[in-house]
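Residue numbers count from 1 along this sequence. Values in this document were obtained by computation on a predicted structure and should not be read as measured data. Counting starts at 1 for both ligands and their atoms, in listed order.
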Amino acid sequence: MHNIDLRKIYKFHPVDPAPSPSNLPTAGDLYYECTECKVIVSSVPRIKIACTCGNLSGVDGKLVVQKPEQVKVVRGKLK
Ligand SMILES: [Zn+2]
(Lines give C-alpha, C1' and ligand atoms only; values in the text may rest on other atoms or scores of the structure.)
Protein backbone atom coordinates (compact mmCIF):
# COMPACT_ATOMS: atom_id res chain seq x y z
CA MET A 1 0.00 0.00 0.00
CA HIS A 2 1.32 3.39 -0.99
CA ASN A 3 0.71 5.89 1.78
CA ILE A 4 1.70 9.54 1.91
CA ASP A 5 2.00 11.27 5.25
CA LEU A 6 -0.46 14.08 4.63
CA ARG A 7 0.71 15.90 7.77
CA LYS A 8 3.81 16.89 5.83
CA ILE A 9 1.72 18.73 3.26
CA TYR A 10 -1.33 19.95 5.18
CA LYS A 11 -2.14 21.55 8.50
CA PHE A 12 -5.15 19.82 10.05
CA HIS A 13 -7.74 21.31 12.38
CA PRO A 14 -10.58 19.31 13.93
CA VAL A 15 -14.02 20.21 12.60
CA ASP A 16 -15.96 21.90 15.40
CA PRO A 17 -18.53 20.85 16.47
CA ALA A 18 -17.47 17.29 15.71
CA PRO A 19 -19.83 15.72 13.15
CA SER A 20 -21.98 12.78 14.19
CA PRO A 21 -20.40 9.38 13.40
CA SER A 22 -23.70 8.37 11.81
CA ASN A 23 -23.51 11.23 9.32
CA LEU A 24 -19.89 11.96 8.46
CA PRO A 25 -19.50 14.82 5.99
CA THR A 26 -17.35 14.55 2.88
CA ALA A 27 -15.65 17.39 1.01
CA GLY A 28 -12.46 18.12 -0.85
CA ASP A 29 -10.91 19.84 2.16
CA LEU A 30 -12.16 17.34 4.76
CA TYR A 31 -10.02 14.47 5.95
CA TYR A 32 -10.62 11.64 8.38
CA GLU A 33 -8.14 10.77 11.07
CA CYS A 34 -8.45 7.18 12.21
CA THR A 35 -8.33 7.37 16.01
CA GLU A 36 -7.16 3.76 16.07
CA CYS A 37 -3.95 4.08 14.03
CA LYS A 38 -3.71 7.91 13.66
CA VAL A 39 -3.48 7.78 9.87
CA ILE A 40 -5.19 10.65 8.01
CA VAL A 41 -6.94 9.98 4.71
CA SER A 42 -9.00 12.15 2.35
CA SER A 43 -12.78 11.93 2.72
CA VAL A 44 -12.96 11.82 -1.09
CA PRO A 45 -9.91 9.73 -2.03
CA ARG A 46 -8.99 9.83 -5.70
CA ILE A 47 -6.22 7.29 -5.40
CA LYS A 48 -6.46 3.97 -3.61
CA ILE A 49 -5.86 4.53 0.09
CA ALA A 50 -6.25 2.75 3.40
CA CYS A 51 -5.30 3.42 6.98
CA THR A 52 -2.96 1.03 8.75
CA CYS A 53 -5.62 -0.78 10.78
CA GLY A 54 -8.11 -1.09 7.94
CA ASN A 55 -10.83 1.11 9.44
CA LEU A 56 -10.68 3.49 6.47
CA SER A 57 -10.21 2.46 2.87
CA GLY A 58 -11.26 3.89 -0.42
CA VAL A 59 -10.71 4.76 -4.06
CA ASP A 60 -12.42 6.77 -6.84
CA GLY A 61 -13.89 9.38 -4.48
CA LYS A 62 -15.58 6.85 -2.21
CA LEU A 63 -14.33 6.18 1.30
CA VAL A 64 -15.48 3.12 3.22
CA VAL A 65 -15.54 3.52 7.01
CA GLN A 66 -15.72 0.36 9.08
CA LYS A 67 -16.03 2.04 12.47
CA PRO A 68 -17.37 5.62 12.14
CA GLU A 69 -17.08 6.20 15.90
CA GLN A 70 -13.31 5.86 15.49
CA VAL A 71 -13.01 8.73 13.05
CA LYS A 72 -12.03 12.33 13.75
CA VAL A 73 -13.05 14.71 10.97
CA VAL A 74 -10.40 17.34 10.29
CA ARG A 75 -10.10 20.16 7.78
CA GLY A 76 -6.86 20.32 5.83
CA LYS A 77 -5.10 23.46 4.64
CA LEU A 78 -1.98 23.44 2.53
CA LYS A 79 1.01 24.55 4.56
ZN1 LIG B 1 -6.81 2.98 11.14
Count of protein N, O or S atoms below 2.8 Å from the Zn ion (ligand 1) equals 4

*Spell out, as yes or no, whether a donor-acceptor pair under 3.5 Å connects the side chain of Ser42 to the backbone of Tyr31.*
no

Output for pair (Thr26 OG1, Lys62 NZ), nearest 0.5 Å, gives 8.5 Å

I'd like to know if the side chain of Lys79 reaches the main chain of Arg7, judged simply by a donor and an acceptor atom lying under 3.5 Å from each other, with no hydrogens or angles considered.
yes

Check: Lys67 main-chain N/O paired with Asn55 side-chain donor or acceptor under 3.5 Å: yes

Query raised in the report: Would Tyr32 and Val65 count as a side chain to side chain contact (heavy atoms under 4.5 Å, CB included) if you check the C-alpha gap in whole Å, the side-chain angles of each, and the deciding distance to 0.1 Å?
Result: CA-CA 10 Å; Tyr32 294 176; Val65 182; 4.1 Å; yes

In this structure, CD of Glu36 is separated from CG of Leu56 (nearest 0.5 Å) by 10.5 Å

